[in-house]
Amino acid sequence: MRLGIIGAGWIAQKMAEALANKPHGCECYAVASRSLEKAEAFAKQFYINKVYGSYEELVSDPAVDIVYIATPHSHHYPHARLALEHGKPCLVEKAFTANAREAEQLLALAHEKGLFITEAIWTRYMPLSHRVKEIMDSGVIGEPRVLTATLCYMMEQKERIVRPELCGGALLDLGVYCLNFARMYFGTDICRMVSNVHKSDTGVDMHESISLSYRDGRMANLQSGALCMNDRQGIISGTEGYIRVDNINCPELIEVYRNYQLVASYHKPADMVNGYEYQVIECQRCLEAGLLESPMMPHAETLAIMRQMDALRKEWGVHYPMD
């Protein structure tokens, strides 16, 4: 499967690194940037065959099987729409779009054209992420009742974080992982959501705490931000033990405790490159099976999380130009 990358920034580099050895026959075939020079430098670094100085050229290349949208959140909608209008399936980096309205329109267009599209939230596709659910279902920690997830990095000077026109803030960049972590393991039956936020001078969220209450009595407490470093841990606590996930956005280690005693450990696969490869391999599987969405990240989940983030931003008074 030949992947064409729109954008030549940091996250595009991670994807190119993941596919350098063509896992399962998936390769980075082409890259496009608004700057031909930047695209050429990117292609030279990662041994990519085709280079384009415009996105239109890349999506017009008949050899491109799927387009990976690796531009800022603010540009996901127009760039993914461009690809779909040229008949290309899409893997769209998280957050899927700026808001739920854009997500709805993009998914409707993909459905209308009969094209596969999925959100590139890599956590959903990783082997260790699936192992967590298996451990929960095994009963080793008893009945799961409380979940916590934290994800913070020092990012307060990054342009894409502080600028509203780039859909800045911690929520769409980091908080989206915490929300996904909660939905993956505690589901969707949320009856109450409360939060607290610290905003920047530019009006975007820089640190937030979110608490979710579920109808069956469970609770999830989530924290994300761009103002500090933290342990990036996820903890799922049950009546007889707990599961500790090291690095919630890219799980590297799972530890299972029963009665406060370590009873099992699971490590990331020995052949894992950096984790980005799994979402591409899943895209290949879905395309070969004729699917329009991945069961690992259904369209309904993407929409629900976009609506959840819209509601939080409305509560906080965080607005983007495309809202």
Side-chain angles (χ1 to χ4, degrees), residues 6-7 11 55-56 59 66-121 123-124 160-180 182-184 188-190 192-195 197 199-200 202-206 208 210 212 222 224 279 292-294 296-323:
I6 286 183
I11 205 159
Y55 304 144
E56 289 81 3
V59 297
I66 188 168
V67 176
Y68 173 53
I69 309 298
T71 48
H73 310 309
S74 51
H75 292 70
H76 289 178
Y77 174 77
H79 294 159
R81 187 176 185 90
L82 176 70
L84 291 171
E85 287 173 343
H86 282 77
K88 299 297 187 185
C90 287
L91 174 63
V92 184
E93 191 50 62
K94 62 82 201 163
F96 190 65
T97 49
N99 52 45
R101 175 184 53 79
E102 288 187 347
E104 289 164 2
Q105 292 178 5
L106 210 53
L107 293 174
L109 178 62
H111 182 76
E112 175 190 323
K113 291 185 170 292
L115 291 169
F116 172 83
I117 189 170
T118 195
E119 185 175 4
I121 180 144
T123 318
R124 289 271 184 161
R160 65 181 175 83
I161 293 293
V162 300
R163 289 176 55 184
E165 63 271 28
L166 294 179
C167 299
L171 182 64
L172 266 65
D173 206 79
L174 303 172
V176 65
Y177 286 117
C178 296
L179 292 171
N180 269 276
R183 291 185 74 90
M184 288 167 72
T188 62
D189 198 11
I190 299 165
R192 186 166 180 247
M193 178 170 68
V194 296
S195 67
V197 68
K199 292 163 63 176
S200 70
T202 59
V204 299
D205 58 292
M206 296 301 287
E208 55 252 2
I210 302 164
L212 307 174
L222 318 174
S224 56
Q279 55 196 331
L292 299 184
E293 62 183 317
S294 167
M296 294 184 187
M297 188 55 184
H299 292 168
E301 280 290 86
T302 288
L303 279 175
I305 290 170
M306 290 308 309
R307 290 167 182 154
Q308 198 174 17
M309 293 194 295
D310 280 3
L312 287 164
R313 288 197 298 112
K314 183 178 181 180
E315 178 185 327
W316 302 336
V318 174
H319 305 290
Y320 302 142
M322 57 287 294
D323 285 339

Are [X] and [Y] side-chain neighbours, meaning at least one heavy-atom pair lies under 4.5 Å?
X: Ile6; Y: Thr71; value: yes
X: Tyr55; Y: Val67; value: no
X: Ile210; Y: Gln308; value: no
X: Arg183; Y: Thr188; value: yes

Nearest atoms (heavy-atom pairs only) where [X] meets [Y]:
X: Gly175; Y: Ser224; answer: CA-OG, 3.2 Å
X: Cys167; Y: His73; answer: O-CD2, 3.5 Å
X: Leu84; Y: Lys113; answer: O-CD, 3.3 Å
X: Leu212; Y: Ala182; answer: CD1-CB, 4.1 Å
X: Arg101; Y: Asp323; answer: NH2-C, 4.3 Å
X: Asp205; Y: Gly168; answer: OD1-O, 4.2 Å

Find the distance between [atom1] ([X]) and [atom2] ([Y]) and round it off to the nearest 0.5 Å.
X: Glu301; Y: Ser294; atom1: CD; atom2: OG; result: 11.5 Å
X: Glu119; Y: Asn180; atom1: CD; atom2: CG; result: 6.5 Å
X: Ile121; Y: Thr302; atom1: CD1; atom2: OG1; result: 8.5 Å
X: Tyr320; Y: Leu166; atom1: OH; atom2: CG; result: 10.0 Å
X: Thr97; Y: Leu106; atom1: OG1; atom2: CG; result: 7.0 Å
X: Leu82; Y: Glu56; atom1: CG; atom2: CD; result: 5.0 Å

**OP:** Please list all pairs passing the salt bridge (charged side-chain N to carboxylate O under 4.0 Å, His left out) test where one or both residues lie in residues 74-83, with sequence neighbours left out.
**Re:** Arg81-Glu85
Look only at the side chain of [X] and the backbone of [Y], and say whether a donor-acceptor pair between them is shorter than 3.5 Å.
X: Asn99; Y: Met322; result: yes
X: Lys199; Y: Met206; result: no
X: Arg313; Y: Val318; result: yes
X: Glu208; Y: Leu171; result: yes
X: His76; Y: Ala95; result: yes
X: Tyr68; Y: Glu93; result: no

**OP:** Step by step, work out the side-chain contact (heavy atoms from CB on, under 4.5 Å) result for Phe96 and Ile305.
**Re:** CA-CA 9 Å; Phe96 190 65; Ile305 290 170; over 6 Å; no
Original post:
Checking salt bridge (Lys or Arg N to Asp or Glu O under 4.0 Å) for the pair Arg307/Asp310: CA distance, chi angles, key distance, verdict?
Top reply: CA-CA 5 Å; Arg307 290 167 182 154; Asp310 280 3; over 6 Å; no
Original post:
Among all residues two or more places apart in sequence or in another chain, which pass the ring-ring contact (aromatic ring centres under 6.0 Å, His included) test with His75?
Top reply: His79
**OP:** Check the pair Val204 / Ile161 against side-chain contact (heavy atoms from CB on, under 4.5 Å), numbers first and verdict last.
**Re:** CA-CA 8 Å; Val204 299; Ile161 293 293; 5.6 Å; no
